[in-house]
Asks: 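Encoded as structure tokens, here's the structure I'll be asking about.
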Amino acid sequence: MNTHKPLIPAQLHWRDDTPEAVDFGDIYFSRDNGLAESRHVFLNGNDLRERWRQLPPSSKFVIAETGFGTGLNFLLAWQLWLDTAPPNATLFFISTELHPLTHADLQRALSHWQELAPLSEELLQHYPNLLPGFHVVRLAQGRVTLLLLFGDAQETLPQLLDSQHSDFFAQNPWHVDAWFLDGFAPAKNPQLWQNTLIEQIASLSKTGTTLATFTAAGQVRRDLSAVGFSVKKISGYGSKREMLVATLTELKKSHTIINKTPWLLHAQPQAKPQHITVIGAGLAGCHIAHALAERGIRVTVLEQHAQAAQEASGNPQGALYTKLSANNASLTRFSLSSLQFALQHYQQPHLKTAFHDCGLLQLQENPDPALLDLMKNNAQLAQWLDAEQTSQISGIALSRGGWWLPQSGWINPQQLCKALLDHPNINAKFDCNITQLQRDNEHIIIACANASKQFSHTAWLPLRAVRGQITQLPTNTTSETLRCVVCDEGYLTPAHQQQHCLGASFIPDDTATDLRHSEQQHNMSLLNAISPALHNAWQNEKLQGRAALRCTTPDHLPMVGALPDREIFLRDYAALRHNAKVVINNTGSYMNGLWVFTGFGGRGLCYIPLAAELLAAQLLHEPRPVPQGIQQALAPARFVIRELVQTHAGR
């Protein structure tokens, strides 16, 4: 089975509070004056102060770095950004790291720099778990976005591109403006200075992109020149006589990156919108509206009901969880990334009132050894407990062990949606029944669950309605000791307003929403598997409940992205019917201004926050918060490509 490889944290040797990397025999920053050295090499080497002073309002600037280390370069860039850039401009800082520091080591290293303490504290508060993949962190009230890529830079950097077809690098919707080539010295860490990595750096750049590095090694200089950078030596810092700075002056085609059909790229890139309409005010619509509003976009939300969160988003309590796995499939990778982001997202002050972070237990017979290995340095995200420990932490008798998620819990979706819509850039209109779409250069996001396929442009979308009924249980003396959410095949929440929430049934293609005794009994059987004692305590109660329709897709992943022009896709990529592996040099054709944000099934609370970041990034030409592979796995167009490929497979 293909699984995530656990990260190996940095192995450090400390001299006072200065860390050295044991594996590389090198220091993370100068013992003499690390701040001055980083400012000289990376900030001054890229002329950032002057460039940022000249930025127009509402612009974005992208820095990418090889080697996050202690985060010192990032903190200094963040500090300078706040001092010099326009207040409504956004800094995106992308950094790779194969061996990230543990939280404790990072805290110790950053304690060295008191002038950076306020920024260090915010970084430490949001520092991600040590899991491979992309980790997006929004800081400084949205003015700074940190995208940490944990893993081998040779693997993570190409995943920043929407297409790895070398003919289309220049058409990537965003590019890096300045590079920090850091990491340890080339002689001590040659893997991070290979010419293939330099080619990937060029593929993410544009004419005018700058680069700075502390090294003046001849091979680095030659490799940079070979991919189109104009390189020169300047004075280094302190005892280092020389360093390199460079500017990309020529875009050259790479011959080392495998070509793949660039269907995710838009044939006609869409202009950045100033106003966007969102159809639907459930969890999906409210989240994407808020993500865009936070970026300065005016948003109109249209909802058919009299208020937000009236259908599947209308349950009184929703558990924040997903299936934990070390498997490397798109679904499990997206699930784990989404959970990590959601746990931070719901801690924001304006959303915290809807989030009850009481912790959550996922019961299981035996732990997966690969998942145990993956989580061994990430107990703050998930840790395995035996039956005695699960009983103690939950407050009720449990017969099995399980995964304990101490930062998770349950959410009131209606309260959450209300908080998300409470933004000066959002205008919510209710009692609006939309029956058809007319495209007139307006950007429209279709986020109305199963109703998303009611329009002529979207009728082909393979969405499926799944009925789900929850059971509401009154508090009793047996249940009032429950302190956290407990999940098995079903889930049970702690009491809120003298009621617990138990769920849920799962009936595909049933679109009725009446309350059914048979499904109440089904839910009670789910409860019996969790706790026979609690099941017995409610045996004679007259049960209340609520039924609604989830919206799912055939592969259980949501649809996030531009709506493809299906007929043109079928024509342009018709060769896939005969050869599923053929590379077709056509970019995708999409319905101008139409976007899809639906199909979240029963995991909306977990999936939607990160998915909203992705869709906002696509709309506004920002760096993507997920790898290219996951972005493709979520794109609505995947179903057209899959249709063509499966036609070939069925021959």
Side-chain angles (χ1 to χ4, degrees), residues 28-30 32-97 106 109-127 136-149 174-183 201 204-206 208-214 234-238 240 243-248 295-296 622-623:
Y28 280 90
F29 47 75
S30 168
D32 297 330
N33 194 330
L35 294 180
E37 180 183 47
S38 287
R39 287 185 175 122
H40 175 81
V41 174
F42 299 110
L43 306 188
N44 299 344
N46 282 289
D47 193 24
L48 294 184
R49 181 180 294 275
E50 189 59 32
R51 291 167 74 181
W52 289 351
R53 281 176 173 164
Q54 297 177 14
L55 284 176
S58 302
S59 57
K60 72 174 186 289
F61 193 94
V62 181
I63 294 174
E65 174 187 53
T66 55
F68 185 72
T70 64
L72 178 59
N73 297 338
F74 166 63
L75 292 173
L76 291 173
W78 178 2
Q79 182 187 57
L80 182 64
W81 180 261
L82 296 181
D83 289 343
T84 59
N88 56 354
T90 305
L91 173 66
F92 292 89
F93 194 101
I94 304 166
S95 189
T96 68
E97 185 56 66
L106 185 67
L110 294 179
S111 68
H112 203 79
W113 318 113
Q114 285 305 305
E115 76 167 82
L116 298 174
L119 305 186
S120 297
E121 289 172 9
E122 190 172 350
L123 172 61
L124 286 163
Q125 183 182 352
H126 295 91
Y127 188 62
V136 60
V137 180
R138 289 177 61 80
L139 301 160
Q141 297 180 317
R143 290 189 64 187
V144 175
T145 296
L146 172 63
L147 181 57
L148 280 172
L149 315 183
W174 62 273
H175 294 88
V176 174
D177 297 293
W179 282 93
F180 295 179
L181 261 63
D182 203 358
I201 286 169
L204 285 160
S205 305
K206 61 184 177 182
T209 293
T210 63
L211 178 150
T213 179
F214 62 86
I234 65 171
S235 297
Y237 178 79
K240 293 184 178 179
M243 57 172 275
L244 299 179
V245 295
T247 302
L248 190 69
R295 289 162 166 81
E622 298 174 356

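If you're wondering where the values come from, they're calculated on a predicted model, not measured in any experiment.
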Asks: Can you tell me if Thr66 uses its side chain to pair, donor with acceptor, with the backbone of Asp182 under 3.5 Å?
Replies: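 A pair under 3.5 Å: yes.
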Asks: Do Phe74 and Val144 have side chains that approach each other closer than 4.5 Å (heavy atoms only, starting at C-beta)?
Replies: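 A side-chain contact under 4.5 Å exists here.
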Asks: Give a yes or no on whether the backbone of Arg49 and the side-chain of Thr84 come within a donor-acceptor separation of less than 3.5 Å.
Replies: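 It does not hold such a pair.
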Asks: Minimum heavy-atom separation for Pro623 to Val62, with atom names?
Replies: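 The pair with the smallest heavy-atom distance is CG-CG2, 4.0 Å.
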Asks: For a 4.5 angstrom cut-off between non-hydrogen side-chain atoms, does Met243 reach Ile234?
Replies: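 Result yes, sub-4.5 Å side-chain heavy-atom pair found.
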Asks: State, to 0.1 Å, how close Phe93 and Ala77 come at their nearest heavy-atom pair, and which atoms those are.
Replies: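 Looks like CE1-CB, 4.0 Å.
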Asks: What closest approach, in Å, do Ala178 and Val176 show between heavy atoms, and which atom pair accounts for it?
Replies: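 The pair with the smallest heavy-atom distance is O-CG1, 3.2 Å.
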Asks: If you compare all heavy atoms of Thr70 against all heavy atoms of Ala109, which two are closest, and at what distance to 0.1 Å?
Replies: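 So the minimum-distance heavy-atom pair works out to CG2-CB, 3.9 Å.
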Asks: As an exercise, state the distance from CD of Gln79 to CG of Leu35, rounded to the nearest 0.5 Å.
Replies: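 Those atoms lie 8.0 Å apart.
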Asks: For residues 116-126, run the donor-acceptor check on the side chains, cut-off 3.5 Å, and write out each pair with its distance to 0.1 Å, sequence neighbours left out.
Replies:
unit_1 : atom_1 : unit_2 : atom_2 : d
Ser120 : OG     : Leu116 : O      : 3.1
Glu122 : OE2    : Ala140 : N      : 2.8
His126 : ND1    : Glu122 : O      : 2.9

Asks: Could you walk me through whether Glu65 and Phe42 pass the side-chain contact (heavy atoms from CB on, under 4.5 Å) check?
Replies: CA-CA 10 Å; Glu65 174 187 53; Phe42 299 110; 5.9 Å; no
Asks: Kindly compute the distance separating CG (Asp47) from CH2 (Trp52), expressed to the nearest 0.5 Å.
Replies: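 One gets 11.0 Å once the value is rounded to the nearest 0.5 Å.
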Asks: At what distance, to the nearest 0.5 angstrom, does CH2 of Trp81 lie from CD1 of Ile63?
Replies: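 Here the rounded value is 8.0 Å.
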Asks: Rounded to the nearest 0.5 Å, what separates atom CZ in Phe61 from atom CZ in Arg51?
Replies: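 Answer for the CZ-CZ pair, Phe61 versus Arg51, is 4.0 Å.
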Asks: Do Arg143 and Leu82 pass the side-chain contact (heavy atoms from CB on, under 4.5 Å) test, and can you show the C-alpha distance, the side-chain angles, and the key distance before you say yes or no?
Replies: CA-CA 8 Å; Arg143 290 189 64 187; Leu82 296 181; 3.6 Å; yes
Asks: What is the distance from atom CG of Leu181 to atom CZ of Phe214, rounded to the nearest 0.5 Å?
Replies: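 Rounded to the nearest 0.5 Å, the CG-CZ separation comes out at 8.5 Å.
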Asks: Has Asp177 got a side-chain atom pairing as donor or acceptor with Thr209's backbone, closer than 3.5 angstrom?
Replies: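 Between the backbone of Thr209 and the side chain of Asp177 there is no qualifying donor-acceptor contact (under 3.5 Å).
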Asks: Using every non-hydrogen atom in the two residues, find where Gly67 and Ser95 come nearest and quote the distance to one decimal.
Replies: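 Residues Gly67 and Ser95, closest heavy atoms: C-OG, 3.9 Å.
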Asks: Walk me through it: do Trp113 and Leu75 pass the test side-chain contact (heavy atoms from CB on, under 4.5 Å)?
Replies: CA-CA 10 Å; Trp113 318 113; Leu75 292 173; 5.9 Å; no
Asks: Side chains of Thr145 and Val136, heavy atoms from C-beta outward: is any pair under 4.5 Å?
Replies: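 The answer is yes, as the side chains (C-beta and beyond) meet within the 4.5 Å cut-off.
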Asks: To the nearest 0.5 Å, what is the distance between OG1 (Thr210) and CZ (Phe180)?
Replies: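 Answer rounded to 0.5 Å: 8.5 Å.
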Asks: Anything under 30° is parallel, anything over 60° is perpendicular, the rest tilted; go ahead and classify Tyr127 against Phe68.
Replies: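 Taking Phe68 first and then Tyr127, their aromatic rings lie parallel (interplane angle under 30°).
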Asks: The test is side-chain contact (heavy atoms from CB on, under 4.5 Å); show your working for Leu211 and Ile201 and say whether it passes.
Replies: CA-CA 10 Å; Leu211 178 150; Ile201 286 169; 4.3 Å; yes
Asks: Which heavy atom of Pro86 sits nearest to which heavy atom of Pro57, and what is that distance?
Replies: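 Answer, listing the atom of Pro86 first, then Pro57: CB-CA, 4.3 Å.
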Asks: I'd like to know if the side chain of His40 reaches the main chain of Ser235, judged simply by a donor and an acceptor atom lying under 3.5 Å from each other, with no hydrogens or angles considered.
Replies: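 Side chain of His40 to backbone of Ser235: a pair is present.
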